[in-house]
Enquirer: 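Structure provided below as structure tokens; questions to follow.
Computed from a predicted model, the values in this text were never measured in an experiment.
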Amino acid sequence: MISRIDLRGEALLEGAALRDLLPRADFDVAAALDKVRPLCEDVHHRGNAALIDYAEKFDGVLLERIRVPAEALTEAVAGLEPAVRAALEESIRRARLVHRAQRRPAHTTQVVPGGTVTEKWVPVDRVGLYAPGGRSVYPSSVIMNAVPAQEAGVPSMALASPPQREFGGLPHPTILAACALLGIDEVYAAGGAQAVAMFAYGTERPGEDDGCAPADMVTGPGNIWVAAAKRYFTGRIGIDAEAGPTEIAILADATADPVHVAADLISQAEHDPLAAAVLVTDSTELADRVEKELAPQVAASKHIEDRIAPALAGRQSAIVLVDGIEEGLRVVNAYGAEHLEIQTAEPTAVAEKVRNAGAVFLGPWSPVSLGDYCAGSNHVLPTGGCACHSSGLSVQSFLRGIHLVDYSRDALAEVAHHVVTLAEAEDLPAHGAAIKARFGGAEPDQHGDWKVPGQ
């Protein structure tokens, strides 16, 4: 059901060489790029007409309008099961608590008397949020994308989610209900790469009242076509990441409960047949017990043949045996998992040594499922090893730092000779001349005194 990789009894390789030994799903965004390019340009030229055609082609629905009417949002909330509504509201509340604390205030540094640099944080003007609607419905992803954008102060946002044939061409009603609970009233029935193109180019046309204004940034998980479209538009719009298949890595020792470990591996495997489930352990006994525990738990699960079984059996999943927890740390740091669980005797101490992970879950009572919904943390996290250089979605993702430089005459005079010297060293004399012009063409000396040439 799941393979093993034995790294015991030998010196571990470093960096990329170690990463190459570890399991990872094939996810070729570059190959998909050529297929989404003409689709994206079609949306550019034909706007909503192209979106309607693609909804019929890919989703099997014939739409009259792309924008979801306001009454559909109201009806979705009204029809929401009370328990689901309570869970969504609690997820929103906890996410707001965490993300509200992330906002950075403006900060002023006095470099010298009369010279300051202030860094202020400004939200992007408009964000397009994407909520997938393929194998599963993800209202939790609506929350995880919208809350940090709202807490950052983004003044305009819209959401797109694929039209569903069973719901009359509207996105899934739970997606719509989540939007309503968050106060998002601009929602579009558009999926895949074409939704990203809608946000990147905009579809506003004279005489049309349901066109989408272009966005400055697009965030949200999706399939390989969404990832390819994000890559295509990088530079035109900001993106969160090119999200790949979901991943869980569990670093565990003999104290871990094999029932918990097996359940957590399966919990990620049920997302997608390419989902990665990796256990790194120094305990052969735990590895054996987890492997035995997987069979009955998988048999009792829902999405066995189409997701869980192929995910666990795929090349992206494995039990990795190491000589000790220190070696295990080297492995998980090289792997850079989207989700990393630490199930060891001293999880806090071990977690302090983790350098590369999207989010870290400590001990037996902090499973990834908690983070997916109600921990307060964000579940939009880097995949495919990108945690080695990237962070998960946060308030900072939607903010831009702008420096305000404010120098007085005396403060500029004091450093002017350095500016002129560096300008001349780079053969950019006009840069230096811009300084000298402020002092009547005088030349600065090393003491900051100014003399008119020839005097």
Enquirer: Does this structure show an ion pair linking R4 with D288, if we count only N-O contacts that are shorter than 4.0 Å?
Expert: yes
Enquirer: Does R236 reach the main-chain N or O of A200 with its side chain, forming a donor-acceptor pair under 3.5 Å?
Expert: yes
Enquirer: Can you name the nearest heavy-atom pair linking D272 to A311, along with the distance?
Expert: O-CB, 3.4 Å
Enquirer: Check whether any side-chain heavy atom of R96 lies under 4.5 Å from a side-chain heavy atom of I92, and answer yes or no.
Expert: yes
Enquirer: Could you work out, with side chain to side chain donor-acceptor pair (under 3.5 Å) as the rule, every residue matching D20, not counting sequence neighbours?
Expert: none
Enquirer: Above 12 or not: heavy atoms from other molecules or residues under 6.0 Å from CZ of R355?
Expert: no
Enquirer: Just checking, is any N or O donor in the side chain of T116 or D406 under 3.5 Å from an acceptor N or O on the other one?
Expert: no
Enquirer: Give a yes or no answer on whether the side chain of Q110 reaches the backbone of T108 with a donor-acceptor pair at less than 3.5 Å.
Expert: no
Enquirer: Any salt bridge between E270 and R307, counting N to O under 4.0 Å?
Expert: no
Enquirer: For E81, look at atom CD and say whether over 12 heavy atoms of other residues, nucleotides or ligands are found less than 6.0 Å away.
Expert: no
Enquirer: Tell me yes or no: between the side chains of T246 and E338, is some donor less than 3.5 Å from an acceptor?
Expert: yes
Enquirer: Give the C-alpha distance, both sets of side-chain angles, the deciding distance and a yes or no for side chain to side chain contact (heavy atoms under 4.5 Å, CB included) between T118 and H403.
Expert: CA-CA 5 Å; T118 298; H403 281 178; over 6 Å; no
Enquirer: For a 4.5 angstrom cut-off between non-hydrogen side-chain atoms, does E327 reach L7?
Expert: no
Enquirer: Identify, with sequence neighbours excluded, every residue that meets salt bridge (Lys or Arg N to Asp or Glu O under 4.0 Å) alongside R205.
Expert: none
Enquirer: Could you walk me through whether H260 and W365 pass the ring pair (Phe, Tyr, Trp, His ring centres under 6.0 Å) test, one step at a time?
Expert: CA-CA 9 Å; H260 295 175; W365 308 112; 5.8 Å; yes
Enquirer: May I ask you to test the S397-D240 pair for a side-chain heavy-atom distance under 4.5 Å?
Expert: no
Enquirer: Mind telling me whether Y201 and F233 have parallel, tilted or perpendicular rings, with 30° and 60° as the class edges?
Expert: perpendicular
Enquirer: Between E89 and R85, is the closest basic N to carboxylate O distance under 4.0 Å?
Expert: yes
Enquirer: Quick one: does any side-chain atom of E90 pair with a main-chain N or O of C374 as donor and acceptor, under 3.5 Å?
Expert: no
Enquirer: Could you check whether R103 and Q396, counting side-chain N and O atoms only, form a donor-acceptor pair closer than 3.5 Å?
Expert: no
Enquirer: Applying salt bridge (Lys or Arg N to Asp or Glu O under 4.0 Å), name anything that partners E56, two or more places apart in sequence or on another chain.
Expert: none
Enquirer: Between N356 (side chain) and N333 (backbone), is there a donor-acceptor pair under 3.5 Å?
Expert: yes
Enquirer: Mind checking what makes side chain to side chain donor-acceptor pair (under 3.5 Å) contact with D42, not counting sequence neighbours?
Expert: R46, Y54
Enquirer: Say whether, by atom type as modelled, one donor and one acceptor occur between the side chain of T281 and the main chain of A252 under 3.5 angstrom.
Expert: yes
Enquirer: Assess whether a salt bridge exists between K230 and E242, defined as any Lys/Arg side-chain N lying under 4.0 Å from an Asp/Glu carboxylate O.
Expert: no
Enquirer: For E166, does the CD atom sit with more than 12 other heavy atoms under 6.0 Å from it, leaving out its own atoms?
Expert: yes
Enquirer: For D264 and V368, what are the C-alpha separation, side-chain angles and deciding distance, and is it a side chain to side chain contact (heavy atoms under 4.5 Å, CB included)?
Expert: CA-CA 7 Å; D264 293 350; V368 168; over 6 Å; no
Enquirer: I'd like to check V280 versus I250 (side-chain heavy atoms, cut-off strictly below 4.5 Å). Are they in contact?
Expert: no
Enquirer: For side chain to side chain donor-acceptor pair (under 3.5 Å), just list the numbers for D253 and S283, CA-CA rounded to whole Å, side-chain angles, deciding distance to a tenth of an Å, and then say yes or no.
Expert: CA-CA 6 Å; D253 61 16; S283 170; over 6 Å; no
Enquirer: Taking everything shown except R289 itself, do over 12 heavy atoms lie less than 6.0 Å from its CZ?
Expert: no
Enquirer: Apply the side-chain contact (heavy atoms from CB on, under 4.5 Å) test between P221 and each candidate in L381, N145, L393; give the one that qualifies.
Expert: N145
Enquirer: Within 45° of the six-membered ring axis of Y335 and under 6.0 Å from that ring's centre, is NZ or CZ of R24 located there?
Expert: yes
Enquirer: Which salt bridge (Lys or Arg N to Asp or Glu O under 4.0 Å) pairs, counting each pair once, include a residue from residues 177-189, with sequence neighbours left out?
Expert: R126-E186
Enquirer: Salt-bridged, E119 to R104, with N to O below 4.0 Å?
Expert: no
Enquirer: Which heavy atom of A190 sits nearest to which heavy atom of Y130, and what is that distance?
Expert: O-CE1, 3.9 Å
Enquirer: Could you give me the CA-CA distance, side-chain angles and deciding distance for V218 and V127, then say whether side chain to side chain contact (heavy atoms under 4.5 Å, CB included) is met?
Expert: CA-CA 6 Å; V218 173; V127 172; over 6 Å; no
Enquirer: With sequence neighbours left out, write down each residue that passes side chain to side chain donor-acceptor pair (under 3.5 Å) with R8, or none if nothing qualifies.
Expert: D6, T284
Enquirer: Between K120 and L404, is the side chain to side chain contact (heavy atoms under 4.5 Å, CB included) condition met? List the steps.
Expert: CA-CA 8 Å; K120 70 172 185 176; L404 309 179; 4.2 Å; yes
Enquirer: Heavy atoms only: give me the nearest Q102-V98 pair and the separation to one decimal.
Expert: CG-O, 3.6 Å
Enquirer: Do V298 and M1 have side chains that approach each other closer than 4.5 Å (heavy atoms only, starting at C-beta)?
Expert: yes
Enquirer: With a 4.5 Å heavy-atom cut-off, do F199 and I237 have their side chains touching?
Expert: no
Enquirer: Are H379 and S141 close enough that some pair of their side-chain heavy atoms sits under 4.5 Å apart?
Expert: yes
Enquirer: Evaluate the ring planes of H172 and F167, with Trp represented by its six-membered ring, and classify them as parallel (under 30°), tilted (30 to 60°) or perpendicular (over 60°).
Expert: perpendicular
Enquirer: With heavy-atom distances below 4.5 Å as the criterion, would you say the side chains of V77 and T74 are in contact?
Expert: no
